[in-house]
Amino acid sequence: MNKALAEAVRAREKNEVPIGCVVVRDGIIIARGHNLRESTNDPSAHAELIAIRKAARKLKSWRLLDTTLYVTLEPCTMCMGAIILARIPTVVFGCYDPKGGAAGSLYDLSSDARLNHRVQLVSRILEDDCSGMLKKFFTLLRQRKTTADITHMI
């Protein structure tokens, strides 16, 4: 999870929402990703999707069997869909996302019997670090927005 947090820092340095992800196989990181939605103007440029695409290219297979995905924030419905389609067996995440999570918060796609793959979840790993980074980012973002609004009014 520390490596996923390092990817979140890379996102934050680019003024992106600080979410990071790594895909691991046999104890080795095979792919990394961090949010790039703002800089790419791509709503699908989530950390998980970027890492999943890289892992699939590296393994030359869309089936990411025997891998574990580590991500700092609970995956959304889009990312859980990709995780399920990629057949990733295990997802480890830092903090829950009560506004968009699909691994237990709003939805739980990981064990939906109607789908063709189940995902084992491990949650709340380095939760304080993961949630703290997000909270600080959004606090600073709101402060900058308020300052910009005040400056604009003058």
Side-chain angles (χ1 to χ4, degrees), residues 1-24 29 31-56 62 64 67-153:
M1 186 60 75
N2 283 317
K3 300 298 184 182
L5 275 164
E7 286 298 311
V9 169
R10 291 184 67 200
R12 184 185 65 202
E13 290 169 349
K14 297 174 181 177
N15 291 316
E16 297 277 355
V17 176
I19 300 170
C21 180
V22 295
V23 178
V24 174
I29 294 173
R32 302 168 187 267
H34 55 272
N35 266 10
L36 291 173
R37 291 188 325 165
E38 298 299 328
S39 55
T40 62
N41 293 311
D42 180 354
S44 71
H46 287 207
E48 299 97 320
L49 291 184
I50 292 166
I52 288 169
R53 287 178 184 131
K54 288 178 179 178
W62 61 266
L64 300 182
T67 64
T68 300
L69 183 142
Y70 293 81
V71 63
T72 56
L73 182 67
E74 174 187 7
C76 69
T77 54
M78 175 180 66
C79 292
M80 277 303 294
I83 288 163
I84 290 165
L85 291 172
R87 310 296 195 269
I88 295 172
T90 307
V91 171
V92 178
F93 65 92
C95 57
Y96 280 95
D97 181 0
K99 294 182 179 182
S105 288
L106 290 179
Y107 307 99
D108 188 358
L109 298 179
S110 68
S111 60
D112 191 319
R114 298 169 295 179
L115 300 173
N116 65 345
H117 178 70
R118 310 294 173 275
V119 179
Q120 177 185 353
L121 299 175
V122 180
S123 62
R124 295 191 161 129
I125 305 303
L126 297 180
E127 180 178 28
D128 292 340
D129 295 330
C130 295
S131 66
M133 187 181 301
L134 286 162
K135 287 175 186 172
K136 184 175 180 180
F137 175 82
F138 284 112
T139 297
L140 291 171
L141 187 65
R142 283 189 293 276
Q143 288 173 352
R144 277 185 266 161
K145 185 177 187 301
T146 303
T147 303
D149 290 346
I150 291 170
T151 304
H152 180 65
M153 292 171 32

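Just the heavy atoms: all of them, side chains too, but no hydrogens, waters or symmetry mates, feed the values below. What you see is a predicted model; the values in this text were computed from it and never measured.
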Polar side-chain atom of His117 near backbone of Ile88 as donor-acceptor pair, under 3.5 Å: yes
Would you say that Val9 contacts Met133 through its side chain, given a criterion of any heavy-atom pair below 4.5 Å between the two side chains? yes
Could you tell me if the side chain of Met78 sits less than 4.5 Å from the side chain of Pro43, heavy atoms only? no
Is it the case that the side chain of Glu16 and the backbone of Ser39 share a donor-acceptor pair, with hydrogens and angles ignored and the cut-off at 3.5 Å? yes
Measure the OG1-CD1 distance between Thr40 and Ile50 for me, rounded to the nearest 0.5 Å. 6.5 Å
Leu69 side chain near Cys21 side chain, heavy-atom distance below 4.5 Å: yes
For Arg144 and Asn15, the nearest pair of non-hydrogen atoms, with its separation, is NH1-OD1, 3.8 Å
Testing the basics here: between Asp97 and Glu74, what is the closest heavy-atom pair and its distance to 0.1 Å? N-OE1, 2.8 Å
Between Asn35 (side chain) and Ala47 (backbone), is there a donor-acceptor pair under 3.5 Å? yes
Is Arg10 salt-bridged to Glu13, cutoff N-O under 4.0 Å? no
Spacing of CG belonging to Leu85 relative to CD1 belonging to Ile52, to within rounding of 0.5 Å: 9.0 Å
Measure across Leu121 and Ala103 and return the closest heavy-atom pair with its distance rounded to 0.1 Å. CD1-O, 3.4 Å
Quick one, Val91 and Pro75 - any side-chain contact, counting heavy atoms below 4.5 Å? yes
Arg53 and Ser44 have their tightest heavy-atom pair at NH2-OG, 3.8 Å
Can you tell me if Gln120 uses its side chain to pair, donor with acceptor, with the backbone of Pro89 under 3.5 Å? no
In Å, rounded to the nearest 0.5 Å, how long is the span from CD1 of Ile84 to CE of Met80? 4.5 Å
Look up atom CZ in Arg37 and atom CD1 in Ile19, then write down how far apart they are to the nearest 0.5 Å. 7.5 Å
Minimal heavy-atom distance between Glu7 and Gly20, with the atoms involved, is CB-CA, 3.6 Å
Does any non-hydrogen side-chain atom of Asn116 lie less than 4.5 Å from one of Arg87? yes
Determine whether Lys136 and Arg12 make a side-chain contact, defined as any pair of heavy atoms from C-beta on separated by less than 4.5 Å. no
Euclidean distance, Tyr96 OH relative to Leu106 CG, rounded to 0.5 Å: 12.5 Å
About how many Å separate CG of Leu5 and OG1 of Thr72, when rounded to the nearest 0.5 Å? 6.0 Å
Looking at every heavy atom in both Ala31 and Ala55, which two are closest together, and how far apart are they? CB-N, 3.5 Å
